[in-house]
Amino acid sequence: MTCVNNVITFVIRFCKLLRCRFRTQFLFSFFVTIAYFRAIFIRLMKMIPEIKIDDYDYPLPEERIAKYPLERRDASRLLEYRDGAVSEHVFSDIPDIIPSDAIMVFNDTKVVPARLHFQRPTGACIEIFCLEPVEPCEYNLIFAAVSSCRWRCIVGNVKKWKGDILSLYNPGIDPEVSALDLKAALVERDGETSTVEFSWQGGIPFSRVLEICGSIPIPPYLNRDTEDVDRERYQTLYARYRGSVAAPTAGLHFTREVLDRIKEKGVDMETVCLHVGAGTFLPVKSSEISGHTMHREPFSVSRSFIEDLRKGGRPVVAVGTTSVRTLESLYFAGVQCIENGHPSDIGQWMPYDKEYGYTLAEALDAITSYLDSEGLDELKTGTRIIIVPGYKFRVVDVLVTNFHQPKSTLLLLISAFVGGDWRRIYDYALSSGFRFLSYGDSSVLFRRG
């Protein structure tokens with residue numbers, strides 16, 4: 001960029017020699033040209049992929065979207081993709097497909113009933129969707145709060161909220177709900193989100209308040225209200241840590257029997273925790289993926305698992321795209337430890353900023369050294385990483401995942417994982433009657449390319 005700045009300085013000096021009537025026109029044309037080439041230069045230096053989102057579209061009929069889960073979790077169909085070939089199974093067969101020497105990684109985040117309905121004195125309904133904690137800022141602390149707390153939220157009908165204190169909508173006059181006297185106050189608006197302060201009576205933790213007053217935020221593409229079945233089924237059996245507003249849906253198929261068979265086979269079963277944000281529901285609105293913004297999602301990984309991963313030599317099976325994004329983010333957290341001495345949030349385009357010459361072992365060693373120096377037993381940070389065609393996978397070898405929406409970042413991840421062969425997989429699933437999206441069927445994909 002120093003060269004560009006020198007050229008600009010020269011042109012400004014040259015313009016002083018021009019007659020005034022030519023100077024403005026010349027400068028305008030020059031700087032427009034410079035801005036154009038500067039943008040191209042920055043893009044090339046960062047190696048941000050040029051990907052048209054329309055290239056990742058496909059027809060998804062409404063009747064192919066699974067609106068409800070099957071009666072039995074592991075009764076869903078399972079598509080296997082290996083070495084370019086597609087085959088069919090039932091999900092209960094997955095222990096026979098996973099390599100016996102594998103490390104299988106599950107995201108043990110837990111979906112919270114984060115959707116609340118309030119009412120203004122005028123009668124207008126206001127829906128508040130809790131996204132992430134503000135005060136206290138840690139999930140464990142905010143769920144333990146016993147009188148008030150603040151969240152960053154998506155607020156429906158926010159224009160109708162004039163700043164008055166809202167009361168929880170309680171049409172059935174539930175005495176347990178009434179006793180809490182849950183209130184909401186608008187603190188500030190910030191673009192598409194708002195900071196909301198909640199207050200309540202009774203001295204119970206906010207986690208319990210949500211269980212009593214909230215509803216599970218099922219995906220909008222289901223086109224229905226939350227029902228009782230969703231409290232159980234829009235949650236994995238191994239969910240442990242509260243914080244997600246969307247389920248890691250690849251895990252919804254696992255039953256106790258399937259998990260036991262995987263363990264009996266000798267597969268090393270490990271967990272990570274990434275709290276899934278509402279950004280998972282957001283469509284890509286830009287024509288190119290470079291115009292899409294990924295939202296931050298916090299994640300944590302134990303030191304002991306990082307050590308096991310460091311040993312290498314075993315295939316890594318990620319259950320769900322959230323596990324993939326967590327595992328692949330570990331490498332870049334290690335790069336930050338090497339170059340900066342500590343990890344920080346993984347930027348959306350960090351994998352594409354430049355070529356990184358560090359091995360996975362070096363990156364993981366750097367993380368454990370950092371954790372030891374700080375006396376920590378787990379890595380806690382955040383990620384905005386986006387995985388698109390051209391991405392270099394460093395950790396994950398096999399992916400268990402559902403079938404995703406057209407023109408979504410998740411579909412781009414699938415394409416990157418199977419070497420661009422996503423359309424063959426999805427054409428087969430569509431023509432063979434597979435059910436799609438959160439409550440739909442599953443697939444196990446062996447990385448290609």
Side-chain angles (χ1 to χ4, degrees), residues 65-82 87-113 216-219 222 226-244 246-276 280 305 315-324 326-327 396-404 410 429 432-446:
I65 299 174
K67 300 299 178 68
Y68 292 91
L70 297 178
E71 184 176 350
R72 184 172 173 83
R73 289 176 183 261
D74 61 3
S76 55
R77 298 168 69 185
L78 178 69
L79 181 152
E80 179 186 357
Y81 176 84
R82 190 195 303 240
S87 58
E88 276 192 54
H89 307 269
V90 178
F91 193 84
S92 56
D93 295 335
I94 198 168
D96 301 324
I97 299 172
I98 300 302
S100 59
D101 61 340
I103 300 175
M104 197 166 191
V105 185
F106 301 82
N107 182 6
D108 60 4
T109 186
K110 190 172 186 178
V111 182
V112 296
I216 293 291
I218 60 172
L222 295 184
T226 301
E227 300 179 21
D228 289 342
V229 66
D230 299 309
R231 272 194 182 265
E232 176 190 354
R233 297 299 300 276
Y234 195 63
Q235 196 82 266
T236 64
L237 292 182
Y238 48 81
R240 186 177 179 187
Y241 298 105
R242 292 181 294 252
S244 282
T249 55
L252 299 181
H253 307 278
F254 288 86
T255 60
R256 296 294 179 196
E257 292 80 5
V258 168
L259 292 170
D260 288 344
R261 287 175 56 208
I262 292 172
K263 186 176 182 179
E264 290 167 2
K265 188 175 181 177
V267 174
D268 182 6
M269 301 169 69
E270 301 283 353
T271 60
V272 295
C273 185
L274 179 140
H275 291 316
V276 188
T280 191
F305 172 48
V316 176
V317 181
V319 178
T321 56
T322 60
S323 295
V324 172
T326 303
L327 292 168
V396 181
D397 302 294
V398 184
L399 169 60
V400 179
T401 187
N402 287 10
F403 297 95
H404 303 290
L410 300 181
S432 302
F434 278 71
R435 303 160 74 242
F436 276 58
L437 307 186
S438 295
Y439 278 141
D441 293 316
S442 184
S443 67
V444 55
L445 312 174
F446 287 74

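Atoms considered below: every heavy atom in the structure, side chains included; atoms not considered: hydrogens, waters and symmetry mates. As the structure is a prediction and not an experimental result, all values here were calculated from the model.
- Note that SG of C273 is 9.5 Å distant from CZ of R240, once rounded to the nearest 0.5 Å.
- Looking only at distances, no side-chain donor or acceptor of R256 sits under 3.5 Å from a matching main-chain atom of D260.
- When the ring pair (Phe, Tyr, Trp, His ring centres under 6.0 Å) test is applied to Y81, no partner is found at least two apart in sequence or on another chain.
- Heavy-atom minimum distance, T321 versus H404: CG2-NE2, 3.9 Å.
- The two atoms that bring T109 and A239 nearest to each other are O-CB, 3.4 Å, heavy atoms only.
- In terms of modelled atom types and a separation under 3.5 Å, the side chain of S244 and the main chain of A247 share no donor-acceptor contact.
- A salt bridge links R261 with D96; the closest basic N to acidic carboxylate O contact falls under 4.0 Å.
- Atom-to-atom distance recorded for E257:CD and I262:CD1 is 11.5 Å, nearest 0.5 angstrom.
- G243 and H275 get closest at one heavy-atom pair: CA-ND1, 3.5 Å.
- Under the ring pair (Phe, Tyr, Trp, His ring centres under 6.0 Å) criterion, F254 pairs with F91, F106, not counting sequence neighbours.
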F434 vs L79, side chain to side chain contact (heavy atoms under 4.5 Å, CB included): CA-CA, chis, key distance, verdict: CA-CA 9 Å; F434 278 71; L79 181 152; 3.9 Å; yes
Is there a side chain to side chain contact (heavy atoms under 4.5 Å, CB included) between T401 and L445? Walk through the geometry before answering. CA-CA 8 Å; T401 187; L445 312 174; 4.0 Å; yes
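- Contact detail for A250 and V400: the closest heavy-atom pair is CB-O, 3.3 Å.
- Side-chain atoms of R73 come within 3.5 Å of backbone N or O of L252 as a donor-acceptor pair.
- V229 places none of its side-chain heavy atoms less than 4.5 Å from the side chain of Y234.
- Around atom OH of Y241, no more than 12 heavy atoms belonging to other residues, nucleotides or ligands sit under 6.0 Å away.
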Apply side chain to side chain contact (heavy atoms under 4.5 Å, CB included) to residues T326 and N107 and explain how you reach the verdict. CA-CA 9 Å; T326 303; N107 182 6; 5.7 Å; no
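- Side-chain N or O atoms of R233 include one that pairs as donor or acceptor with a backbone N or O of L70 at under 3.5 Å.
- A 4.5 Å side-chain heavy-atom check between E264 and P95 finds every atom pair outside the cut-off.
- The distance from the CG atom of D230 to the CD atom of Q235 is 11.0 Å, given to the nearest 0.5 Å.
- Listed for the D441 side chain is no donor-acceptor partner under 3.5 Å among the backbone atoms of S76.
- Side-chain contact between T226 and P217 is absent, with no heavy-atom pair separated by less than 4.5 Å.
- Nearest heavy atom pair, residue F403 against residue F436, reads CB-CD2, 3.4 Å.
- In this structure, R231 CZ and I216 CD1 are separated by 5.5 Å, a value rounded to the nearest 0.5 Å.
- The one candidate from R77, H89, H253, E80 that meets the side-chain contact (heavy atoms from CB on, under 4.5 Å) condition with S442 is H253.
- In summary, of the residues considered (V105, L259, I103), a side-chain contact (heavy atoms from CB on, under 4.5 Å) with M269 occurs for L259 alone.
- Within the 4.5 Å cutoff, no side-chain heavy atoms of V319 are placed close to those of P248.
- The shortest distance between side-chain heavy atoms of L78 and I94 falls below 4.5 Å.
- Contact between L222 and K67 at its shortest, heavy atoms only, is O-CD, 3.2 Å.
- Residue L274 holds its CG atom at 10.5 Å from CG of D108, rounded to the nearest 0.5 Å.
- Note that the OH atom of Y439 and the CG atom of N402 stand 11.5 Å from one another [nearest 0.5 Å].
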